[in-house]
Protein chains: 2
Amino acid sequence: MEVRTRAPGKIILSGEHAVVHGSTAVAAAIDLYTRVSFRLLPPSEGDAGSVELELKDTGLAFSWPSSRLKETFSFEAIGPPLSPTPRPCSPEHSKLIASLVEEQNIPEAKIWLRSGIHAFLYLYTSIHGFKPGKVVISSELPLGSGLGSSAAFCVSLSGALLALSDAFSIDRQTKGWLELELSELELVNKWAFEGEKIIHGKPSGIDNTVSTFGGSMIKFRSGELTHIRSSTPLRMLITNTKVGRNTKALVAGVSERVLKHPDAMAAVFRAVDSISKELSVIIESPTSDDVSIIAKEEKLEELMEMNQGLLQCMGVSHASIETVLRTTLKYKLASKLTGAGGGGCVLTLLPTRLNQNLHLPRF
Amino acid sequence: MEVRTRAPGKIILSGEHAVVHGSTAVAAAIDLYTRVSFRLLPPSEGDAGSVELELKDTGLAFSWPSSRLKETFSFEAIGPPLSPTPRPCSPEHSKLIASLVEEQNIPEAKIWLRSGIHAFLYLYTSIHGFKPGKVVISSELPLGSGLGSSAAFCVSLSGALLALSDAFSIDRQTKGWLELELSELELVNKWAFEGEKIIHGKPSGIDNTVSTFGGSMIKFRSGELTHIRSSTPLRMLITNTKVGRNTKALVAGVSERVLKHPDAMAAVFRAVDSISKELSVIIESPTSDDVSIIAKEEKLEELMEMNQGLLQCMGVSHASIETVLRTTLKYKLASKLTGAGGGGCVLTLLPTRLNQNLHLPRF
């Protein structure tokens, strides 16, 4: 039997980077998904079978004979599969996985796939041990652009793997889409977070949380999340600068700046925290007419501009981001980077006032 | 007899705008001056004479008959000339001056001169009453560009007016330049500050203080100043965007943002305060060799970049400033706006490492 899952990407409306240092962030899921199909393969006679991974968007496929996995991992190294609380990948386990990743023929130009494959092997072997199976992954999300592609990868993968495990008591005869229980979503989120740690080093957990729970905006602080609902729809333009960057290095750069300028950076994070809190209040505030919607959007624009300045202060902007900012500013639109910065994507609020008189540039 | 004075412009290395809200700022005088020549004119027979002002750079001259000044001002309105502590221009006094400014034929394109002429009349009549005299002013400083042209105007003018008053006990037979006593400089600074208030509304006092005391860098907070001395020379490139702006409006814009986002802005000002303090410590820190000079310059560059981000958060940057930032960033040079922003000038640190391999762009 086959299970299919999908998990959305996200945008961060405010608080990226600062959230790692305890500030509040506000994020929302977007309508772009990563999709996973997973089936367990019955071993054929005389062959223990393989664990297979196909990454459709890259045209690459990888496989590991179950026998190879069996001989690599001992029960002690990886612990019992499906421990009730997912545990961080131990250094020993990580080392064994690294050797399995090394054996694969990853093209030099796609070397960044390595951490994703590492996370895949960790999640797969932790949940299904050495059972042969095939995972096919495709995504609408541009990779490494700040839209949470790695989290959507980890969430959809964890969901699919768990769905065919004993952890979930879903009716396997059901056809069509199933809604997962809250406790099941929480388990997916925890496993996905472990995957994210492998890919990003020190993620805040916001990406996987938004991708798992989707649906509404969330306010996130130190792992605690609150759902918030916008009283009016907000339209956001997402511009992909197509400048790739290293999230891990950007996060580390901010931490370095914190070590060098602790007082200044603490104040910067307090400012971001305050902006995120204001933002969530404004998003939820009721709007009765066009005037109040316009006032609300103007407040959001000002907060986005302020947040962008603080991100520049943290040193995570980039010439490509500034180009987008300048372009949208010509049309009096407010923008900010979203995600790790250093390239990636830029958010622009498309306010209601544009509806009356929409003259967007053509490129 | 004639007296000549000169007062320098300034750059703000960190803390503009935030200084108005209690943060520390660091500033330095620059080698561009405003020059004033002043002489009292003996009244000729049957003619009470005039107070004349010539602004050499604009090609404009203004004059007010002493008799007109006499009839406009009563002793009560402007108070005794040369009160030991200069007093703010009263609303009554200001109204009378405004009527005198109105009578002059100021070209529409130079309407911004009005507040400077207002300050001139206030200082002149406060110090010399209705005595006829001629003031000629010329300046190397571009006006309204963030280099403290109005402060240099007020300081050089106050110095010249005071030099021919009873407030100073200088030897009037001396030829050549005289150094003023500290108490005299302090008086000049106080009068100049009153002039600045007329021009700028709510100035921090940093511009007139740097222009008056010049010589070294200063750290400035809530009117208190500390002289700081750089252990190594710092070379700064000043780029004039030639985009004019309204300092008063920019200062008011920041105050408005403070009212709307008090917590966030308080944190932003704390961050700036901390950056200015760090900057002054780094500037004074001894450097023993090239390695330590390079390390010092890198720290200064990082702090300038952070300060620029915070200024963007305050909403005082401008597309023209961003263009300069992007251009210097291509050469890995750090820049920040200096002064009120919204156009004006941009500072770029020219580090020692450039000496080895100087490839500056040609425009």
Side-chain angles (χ1 to χ4, degrees), chain A residues 14-15 18 23-24 253-254 256-258 260-279 281-282 295 298-299 301-330 332 334 336-337 341, chain B residues 14-15 18 23-24 253-254 256-258 260-279 281-282 295 298-299 301-330 332 334 336-337 341:
Chain A
S14 74
S23 299
T24 306
V254 175
E256 202 184 307
R257 204 163 269 203
V258 171
K260 278 152 83 183
H261 317 286
D263 294 346
M265 291 296 281
V268 167
F269 296 145
R270 271 198 299 276
V272 174
D273 185 58
S274 170
I275 285 170
S276 292
K277 284 174 181 159
E278 262 194 77
L279 196 81
V281 171
I282 292 167
E298 280 172 357
K299 284 181 196 163
E301 286 177 325
E302 188 160 287
L303 291 170
M304 283 171 71
E305 184 196 37
M306 290 173 72
N307 196 167
Q308 174 63 25
L310 294 166
L311 286 159
Q312 280 165 271
C313 181
M314 296 176 211
V316 297
S317 192
H318 185 268
S320 62
I321 295 169
E322 311 283 335
T323 303
V324 179
L325 295 181
R326 289 195 51 174
T327 306
T328 59
L329 194 64
K330 275 188 207 156
K332 300 201 189 312
K336 69 174 275 289
L337 68 85
Chain B
S14 74
S23 300
T24 306
V254 175
E256 200 184 310
R257 203 163 271 202
V258 171
K260 277 151 85 182
H261 318 286
D263 294 346
M265 290 296 280
V268 167
F269 295 144
R270 271 199 299 275
V272 174
D273 185 59
S274 170
I275 285 170
S276 292
K277 285 174 179 159
E278 263 195 77
L279 196 81
V281 170
I282 292 168
E298 281 172 357
K299 283 181 198 164
E301 286 177 325
E302 188 159 287
L303 291 170
M304 283 170 70
E305 184 196 37
M306 290 172 72
N307 196 168
Q308 174 62 26
L310 294 166
L311 286 160
Q312 281 165 270
C313 180
M314 295 176 212
V316 296
S317 193
H318 185 268
S320 62
I321 295 171
E322 312 283 334
T323 303
V324 178
L325 294 180
R326 289 195 51 175
T327 306
T328 60
L329 193 64
K330 275 188 207 156
K332 298 199 191 314
K336 69 175 275 290
L337 69 85

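No hydrogens, no waters, no symmetry mates; every other heavy atom, side chains included, goes into these values.
Listed options A:Glu305, A:Met265, A:Lys330, A:Met314 were ranked by heavy-atom pairs under 4.5 angstrom with chain B; first place goes to A:Glu305. Ranked by heavy-atom pairs under 4.5 Å with chain B, the list A:Leu310, A:Asn307, A:Asp273 is led by A:Leu310.
For the atom pair B:Ile275 CD1 and A:Cys313 SG, the distance stands at 5.0 Å (nearest 0.5 Å). Taking CG from B:Leu325 and CD from A:Glu322, the interatomic distance works out to 7.5 Å, rounded to the nearest 0.5 Å. Taking CE of B:Met306 as the start and CZ of A:Arg257 as the end, the distance is 6.0 Å to the nearest 0.5 Å.
The contact between B:Lys260 and chain A is made by backbone and side chain atoms together, counting heavy-atom distances below 4.5 Å.
At least one side-chain heavy atom of B:Leu303 sits under 4.5 Å from a side-chain heavy atom of A:His261. By the 4.5 Å heavy-atom criterion applied to side chains, A:Thr323 and B:Arg326 are counted as neighbours. Inter-residue side-chain proximity for B:Gln312 and A:Gln308 is flagged as unmet; no heavy-atom pair is nearer than 4.5 Å.
Heavy atoms only, all atoms of each residue included: A:Ala271 and B:Ala264 are closest at CB-O, 3.7 Å.
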